[in-house]
Amino acid sequence: MIRTEELLLNVGPQHPSTHGVFRIIVKLDGEVITEATPVMGYLHRGTEKLAEELTYTQIIPYTDRMDYVSAMTNNYVLCHAVETMMGLEVPERAEFLRLIVMELQRVASHLVWWGTYLLDIGAMSPFLYAFRDRETIVNLFNELCGARLTYNYMRVGGVKWDATDAWLDQVRDFIPYMEQKLVEYDHLVSGNEIFLARIRGVGRYDAATAIDYGLSGANLRCTGVNWDLRRAKPYSLYDRFEFDVPVGRNGDCHDRYFIRLEEIRQSLRILRQALAQCPSGGETMGKVPRVIRPPAGEVYVGIESPRGEIGCHIVSKGKQEPYRLKFRRPSFVNLQILPKLLVGETMTNLITILGGIDIVVGEVDC
């Protein structure tokens, strides 16, 4: 019998999957992980506490920075919560524009995940292709709102400004382009036997475990649970469109990979319908008071971000600043299962599992 000494290893924050505030302390017996402790770090922006001293409009730019590859969905969840408290009606044109940019953001976010996931486990080319195609979406957002990452596009009651017909035509042209690129992605990666050997059966858990840990997004649907807030609790205009909710069966990295690729296809399907139904004109801001003061009370709304359910809980005392504001951040919640998944695995599978969960550490930052 070979005697080994326990090794304590710090994974991150230098690794691409653990940059910024997040790292993992693992105990090793040889190559096998016996204990894993996520450390969230101390690089906190204090978004929720700062919000108590800000007006609701001033809070919107902070939501961009919580998930820096999915800023549009974070904009929406805050605006949606305030509008729900105030009973505001959003003009149809504005709601269509919101939905279009959110689905474009979902595609862009999944492209970042696809490229960096393959890079993390040793493939360089997919990263370059993914960022090439994401650049088209980033350019569209830059043209629409003047920013490439933190967009600050949505407002309580609507959007900052309208999109031109030429911009909508560019989005329309992007759909068949991206559909063709997905075919290329499958030819390059999805059937590669080396890649499949790395992800099949790795990081596996069942539906009961996923629910117990509060997982959402692809991390929940990979176990066979058909739960997508766009379908289960429709918001915005999602109840008008036909789309499928991809689910898996095995709850492993393999299913999470294919679910996210299929979600890109379904987002393109939603975009095609939204562009066909979008009114040609109209107001982009509803009738919003000059000073936004939601009535006293509280509200929670949740929406489906690329990483799962992001929620916004607001407690109001009838003032122009929230008394208390709390975000449910999907990456923070999804990380809870990480110690369970890593124990018994080898270091080779650590990055495969961590990347498969798809976290954005800006969301982990409280």
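Index from 1, following the sequence.
In terms of the ring pair (Phe, Tyr, Trp, His ring centres under 6.0 Å) criterion, residue partners of His80 (sequence neighbours excluded) are, by chain and number, Tyr76. Remark: Phe243 pairs with no residue by the ring pair (Phe, Tyr, Trp, His ring centres under 6.0 Å) rule, at least two apart or across chains. Phe131 meets the ring pair (Phe, Tyr, Trp, His ring centres under 6.0 Å) test with Phe127; sequence neighbours excluded. With sequence neighbours left out, the ring pair (Phe, Tyr, Trp, His ring centres under 6.0 Å) criterion links Phe241 to no other residue.
A donor-acceptor pair shorter than 3.5 Å cannot be found between the side chains of Asp212 and Thr209. With hydrogens and angles left out, the side-chain atoms of Thr352 and Arg198 include a donor and acceptor closer than 3.5 Å. Side-chain contact of Asn334 with Arg307: a donor-acceptor pair under 3.5 Å is absent, judged by distance alone. Looking only at atom types and distance, the side chain of Tyr205 has no donor-acceptor partner in the side chain of Asp252 under 3.5 Å away. Counted by atom type alone, Gln170 and Glu143 present one or more donor-acceptor pairs between their side chains at under 3.5 Å.
For the pair Lys160 and Tyr153, the cation-pi criterion (under 6.0 Å, within 45° of the ring axis) is not fulfilled. Cation-pi geometry between Arg260 and Trp113 is met: under 6.0 angstrom from the ring centre, within 45 degrees of the axis.
A salt bridge is absent between Glu53 and Lys319; no separation between the charged side-chain nitrogens and carboxylate oxygens falls under 4.0 Å. A salt bridge is absent between Lys317 and Glu298; no separation between the charged side-chain nitrogens and carboxylate oxygens falls under 4.0 Å. Look at Lys181 and Asp133 and you find no salt bridge, because none of the NZ, NE, NH1 or NH2 atoms lies under 4.0 Å from a carboxylate O. Salt bridge absent: Arg249 and Asp255 never bring a charged side-chain N and a carboxylate O closer than 4.0 Å.
Once rounded to the nearest 0.5 Å, the distance linking SG of Cys278 with CG of Leu99 reads 10.0 Å.
Through side-chain heavy atoms spaced under 4.5 Å, either directly or across other Ile, Leu, Val, Met, Phe, Trp or Tyr residues, Ile194 is tied to no other residue.
The salt bridge (Lys or Arg N to Asp or Glu O under 4.0 Å) test with Arg230 singles out one residue from Glu304, Glu263, Glu103, and that residue is Glu103.
Residue pairs meeting the ring-ring contact (aromatic ring centres under 6.0 Å, His included) criterion with at least one member in residues 258-285, sequence neighbours excluded: His254-Phe258.
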